[in-house]
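Reviewing the structure listed below.
No hydrogens, no waters, no symmetry mates; every other heavy atom, side chains included, goes into these values.
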Amino acid sequence: MIDNPQLRKILKWAGLTVLTVLVLLTGVSVYFSKNWKPELEKKITEAVNKGSEGLYQVSVKDLHLNILTGSISADSIWLRPDTVMLNALLGKKVAPTHLFEIRLAKLQLRRLSLLRIWRKKEIDLNDIILNKPSINMTYYAGQHRPQTKTKPKSLYELLSGTLHSVRIKAMRIADADFDYISGATGKKLNSVHKLNLTVRDFLLDADSADDTTRFYYTKDVRFEIAGYQSPSKDGMYTTKVDSITGSLRKRELEIKNFRMIPKYPELEFSRKLGTQKDRYDLHFKHILFSGIDYLRLNSDGVLHAQSLLLNSGIAKIFMNRELPGGTQDKTQNFPHMALQRLPVATTIDTLKLRKLNVAYTEYNPMAEQKGTVHIDNLKGNVLNVTNDSVSLDKSAVAVALLEADLVKAAHLNIRIDFKLRSPVAGFHYKGHIGPMNMVKLNPLSRALGLVELESGKISKIDFQAEGNRYGAKGKMQMRYTDLKIRLLKAGEDGEAPKKKGFLSFLANNILIKDSNPLPGKELREVKIDFERTPSASFFNLLWKSVFIGLRETVGLGIVPMKSPEQGNKDMQKKLKERKEKRAEKQEEKNEEKKKKDQEKKKKN
């Protein structure tokens, strides 16, 4: 209870004043809602149409104004290209490279001063929130704005008759569905769900277009995609990504935990394909594009980045040799040939490889074993990774400078020069392998070559060759001592390989040269001459051509090698014979069991 009469009068006056103001504001708000809504809808439509020079139309189902809070919300917004105008521009090949169609159930504008818009023609917003919009972005190739003497009007010049400035401190798009569509075919090139986008400090005024610290009038645009997952077209793989984030200001794109996961285990996967095809199992923990030219990507559809980092990754490649070779030519999957097939003109100044482990595995059905070539701790740089004609005119060679631990036994340094414009997928490679204990190669040599190394030490290997889709030719020097081998015979029904004692004796005493150089002799240099089968991968071509050099050096070059096609035919024949023998044995077992069962019945 307030006893002071004077104080009671002041409080009553203040209360009436506040109540009067609230009533007035409410009345004005209702008036604006009823009378300005049609006018505002008209202004929005005119501004979009004028600002896009007639290319875009917008429709709004309903507007809600609240002057007390300075907020506006709009229901059922649809922004779309005007088809008549679009077709006219496409016919003249002067349409924008990218066109947008946006649908959203609700748009919220907060802390907006209508009086400021009315009196000063200025929009100053705290934030805009778009919840769960649907965005279609259509790409039209070959569209070019004509060169004219008059400078085209800027966005500000197009809107300056209506507004003097627009400032939005933040714009947030949450959980958007984004489809990237080919304008030529109408097909979806890619789809993304749960896209989050944040635009920071958008400013449109007389000077913002010339502000070099801004990208499309903004200080920054950040985007994030969480939990991306997509099956491959053939259904044999699933691509998963934990997150994709990017920033226009930082010119970066970061991908965490990229995985390409095969649907089936190794042998089951390959047998479903029916022919010899590589099975890939990939996991890269960290991928980072740096120095991306986002402006050129948007305007010209050209991707240029200063660097691409692949960090902490595992790449497993599996090949099943029990299957027929098939007719597919894997030349198009060579790194530099696959690069040329990318749908986007791309230039990566430096591809950085760090902490990568590569495992190439082959299954030998005769030995019924797998042999794996391990390349661990792979690191290095690949320079001038490009398929862009402008970049290719400057340099048409991509240079890979790499080092790694080879087959868990030695260190490898290699340089590969990829000839990016070669019609036969040409490349040159030169490498060095350090000291190695040959016995460590047994897991590989037993499974794939049915050869066991009893002893042998390599001090170094130097090799170089010219390669292309047809094979590789070059030379090799390998220094080694104390080489002894055992030749093996494949065991039946999964049994361990057996030693060929007499043939091993002949090989060690007649064929094999146990060192290089031999006592009193000069160091031997051998030729590499490897003919590639069309179904062989790039990695297979590299390591098989090096294997040819090793074979020639140790003295096995005089033993003729079958062509890959003939070797595959002979193996298929032996596998068929083995299968028939197993079937005969099984039939004999069944007959024997049948007889025993009949004898038991007679006794009973």
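With no hydrogens or angles considered, a side-chain donor-acceptor pair links D220 and S247 at under 3.5 Å. In this model, no donor atom of one side chain and acceptor atom of the other lie less than 3.5 Å apart for E362 and N320. In this structure, a donor-acceptor pair under 3.5 Å is absent between the side chains of N384 and T386. A donor-acceptor pair shorter than 3.5 Å can be found between the side chains of E101 and W78.
By the side chain to side chain donor-acceptor pair (under 3.5 Å) test, S312 pairs with no residue at all, sequence neighbours left out.
V166 pairs in a side-chain contact (heavy atoms from CB on, under 4.5 Å) with only one of the listed residues (L203, D205, L204), which is L204. For the side-chain contact (heavy atoms from CB on, under 4.5 Å) with K285, the lone residue among I314, N257, L310 that qualifies is N257.
Separating the NZ atom in K187 from the OG atom in S182 is a distance of 9.0 Å, to the nearest 0.5 Å. Here the straight-line distance linking atom CG of L79 with atom CG of N136 works out to 11.5 Å at 0.5 Å rounding.
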- [ ] Apply side chain to side chain donor-acceptor pair (under 3.5 Å) to R167 and N126, showing your working.
- [x] CA-CA 8 Å; R167 184 161 208 151; N126 249 30; over 6 Å; no

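Annotation for K316: atom NZ does not count as buried by contact number, only 12 or fewer foreign heavy atoms lying within 6.0 Å.
Checked for salt-bridge contact, D242 and K256 miss the test: no charged N lies under 4.0 Å from a carboxylate O.
In summary, the aromatic rings of F289 and Y294 are positioned with their centroids too far apart to meet the 6.0 Å limit.
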Expected list for residues 170-177: side-chain donor-acceptor pairs under 3.5 angstrom, two or more places apart:
{"from": "D177", "atom 1": "OD1", "to": "H193", "atom 2": "ND1", "distance (Å)": "2.9"}

Please output the side-chain donor-acceptor pairs of residues 418-427 that fall under 3.5 Å, not counting sequence neighbours, one pair per line with the distance.
{"from": "K419", "atom 1": "NZ", "to": "E466", "atom 2": "OE1", "distance (Å)": "3.1"}
{"from": "R421", "atom 1": "NH1", "to": "D393", "atom 2": "OD1", "distance (Å)": "3.3"}
{"from": "R421", "atom 1": "NH2", "to": "D393", "atom 2": "OD1", "distance (Å)": "3.0"}
{"from": "S422", "atom 1": "OG", "to": "V424", "atom 2": "N", "distance (Å)": "3.3"}
{"from": "S422", "atom 1": "OG", "to": "A425", "atom 2": "N", "distance (Å)": "3.4"}
{"from": "S422", "atom 1": "OG", "to": "G426", "atom 2": "N", "distance (Å)": "2.8"}

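The aromatic rings of Y360 and F539 sit tilted, their planes meeting at an angle between 30° and 60°.
With hydrogens and angles disregarded, no donor-acceptor distance shorter than 3.5 Å links the side chain of E252 to the backbone of S290.
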